[in-house]
Amino acid sequence: MPLQPQQRSLAILAGVFGGGLLIAFLAVTVFSGGDDQRKIAIGPNQPSTSTSASSTPPTTTISSTLPPTTAVPVSTSVTPATRPVPTTVIIVPPTGAPTPTGAPAPTGTTGTTSPPTPSTTQPPTIGEQLETLLEATLLGDAEPPPPDTPPRVRVTYEAGELLRVSWDLDETLSALQQRYAARNEATALLRAIQDFDGLGDEPITLRALLPDPDDPDQPLRVVRLVFERDTLDAIDFDTLDPLTIFDLADESEIDPDLEPSPPPTTSTSTSSTTSTTSR
């Protein structure tokens with residue numbers, strides 16, 4: 001409800017009187033500090049405004065009811081970023097899967113079972129088999145030569161193309177003995193070739209060698225015989241006279257020192273001779 005004029009006047013006087021009392025109270029408070037050091041209650045991080053009482057007029061101290069500022073400590077240490085821990089993945093093979101090489105033996109077994117090592121030894125070729133057979137044929141029943149003795153027989157074989165057999169005659173024999181030896185050994189070699197299983201229709205070439213008198217390290221061919229397969233298969237070695245073998249060849253080249261054929265009444269065994277001729 002609106003105030004009466006008298007009431008309004010009284011309220012104004014009361015306000016003025018109250019303000020005067022407040023001003024008086026503040027004045028008394030300011031001047032009652034004496035020479036004591038005056039402080040303003042402020043935070044610890046704010047600069048102080050107090051000065052010496054001798055050089056500046058008294059400073060009004062305003063009391064604050066705010067709570068004192070609490071400094072929060074700031075940590076300067078930096079926590080390193082946490083790296084992800086690697087995860088170990090264990091792969092369990094399915095039941096019945098083969099155990100890898102080098103893995104521990106399953107429970108109940110002793111040791112580990114290594115896979116079989118493939119053999120690196122190749123089986124002998126047709127030419128190598130025939131070479132071994134013909135070497136044994138010339139040796140016969142004689143005592144084997146020392147292990148470091150070079151073989152007397154060399155075989156070159158190309159399936160469907162050719163079969164070439166070279167052998168060394170015994171250089172210690174006389175000219176007449178060489179005539180017998182060349183024919184007897186050629187007959188023995190051809191008979192073994194006829195019985196050998198694994199050849200085709202290749203022509204067979206026989207070559208008898210002796211050291212060259214002018215160069216002992218080089219072989220000299222003294223016999224060359226060529227037999228077609230049909231010609232060889234037609235020979236009956238059970239009834240053949242070995243001294244006539246050169247005459248049955250489809251092609252022949254004979255050194256003059258081995259001609260003519262020796263008389264059939266003379267025979268020289270050469271199965272036990274071993275050549276030391278260098279090839």
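Note: hydrogens, waters and symmetry copies are ignored here, and every other heavy atom, side chains too, is used.
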Mind checking salt bridge (Lys or Arg N to Asp or Glu O under 4.0 Å) for D197 and listing every partner two or more places apart, or none if nothing turns up?
-> none
Residues that L162 engages under side chain to side chain contact (heavy atoms under 4.5 Å, CB included), provided they are two or more places apart | T156, E158, R164
Any side-chain heavy atom of P260 sitting closer than 4.5 Å to one from R179?
-> yes
Does the E202 side chain pair with the main chain of G200, one donor and one acceptor, at a distance under 3.5 Å?
-> yes
Is any side-chain heavy atom of R229 less than 4.5 Å from a side-chain heavy atom of D233?
-> yes
Decide yes or no for L130 and T125: does some side-chain heavy atom of the first lie under 4.5 Å from some side-chain heavy atom of the second?
-> no
Who pairs with L220 by side chain to side chain contact (heavy atoms under 4.5 Å, CB included), at least two apart in sequence or on another chain?
-> D212, P213
Does one hydrophobic cluster hold both L240 and V223, with members joined at side-chain heavy-atom distances below 4.5 Å?
-> yes
Give a yes or no on whether a salt bridge exists between R152 and E185, defined as a side-chain N under 4.0 angstrom from a carboxylate O.
-> yes
Go through L258 and V222 one step at a time and tell me if the side chain to side chain contact (heavy atoms under 4.5 Å, CB included) criterion holds.
-> CA-CA 8 Å; L258 297 181; V222 294; 3.9 Å; yes
Are T132 and E135 side-chain neighbours, meaning at least one heavy-atom pair lies under 4.5 Å?
-> no
Test item: P144 and T149 side chains (from C-beta on) under 4.5 Å apart, heavy atoms | no
Is any side-chain heavy atom of F196 less than 4.5 Å from a side-chain heavy atom of L134?
-> no
Between the main-chain N or O of Q177 and the side-chain N or O of S174, is there a donor-acceptor pair closer than 3.5 Å?
-> yes
Does T187 have any side chain to side chain donor-acceptor pair (under 3.5 Å) partners at least two apart in sequence or in another chain, and if so, which?
-> none
Under the side chain to side chain contact (heavy atoms under 4.5 Å, CB included) test, residues paired with T239 that sit two or more places apart | D236
Name all pairs fulfilling the salt bridge (Lys or Arg N to Asp or Glu O under 4.0 Å) condition that reach into residues 186-196, sequence neighbours left out, sorted by first residue then second.
-> R191-D238
Listed partners of D214 passing side chain to side chain donor-acceptor pair (under 3.5 Å), at least two apart = none
With a 4.5 Å heavy-atom cut-off, do L232 and F237 have their side chains touching?
-> yes
Scan T205, L206, I126, I204 and name whichever one has a side-chain contact (heavy atoms from CB on, under 4.5 Å) with L163.
-> I204
If Ile, Leu, Val, Met, Phe, Trp and Tyr residues are connected whenever their side-chain heavy atoms lie under 4.5 Å apart, and connections chain through other members, are F246 and L248 in the same group?
-> yes
E131 side chain reached by V165 side chain, heavy atoms, under 4.5 Å = no
Report yes or no: do V153 and V226 belong to one cluster of Ile/Leu/Val/Met/Phe/Trp/Tyr joined by side chain heavy-atom distances under 4.5 Å?
-> no
Go through the structure and list residues passing side chain to side chain contact (heavy atoms under 4.5 Å, CB included) with A249, not counting sequence neighbours.
-> L225, F227, S252
Can you list every pair that meets salt bridge (Lys or Arg N to Asp or Glu O under 4.0 Å) and has a residue in residues 249-264, with sequence neighbours left out?
-> R183-E259, R221-E253, R224-E251, R224-E253
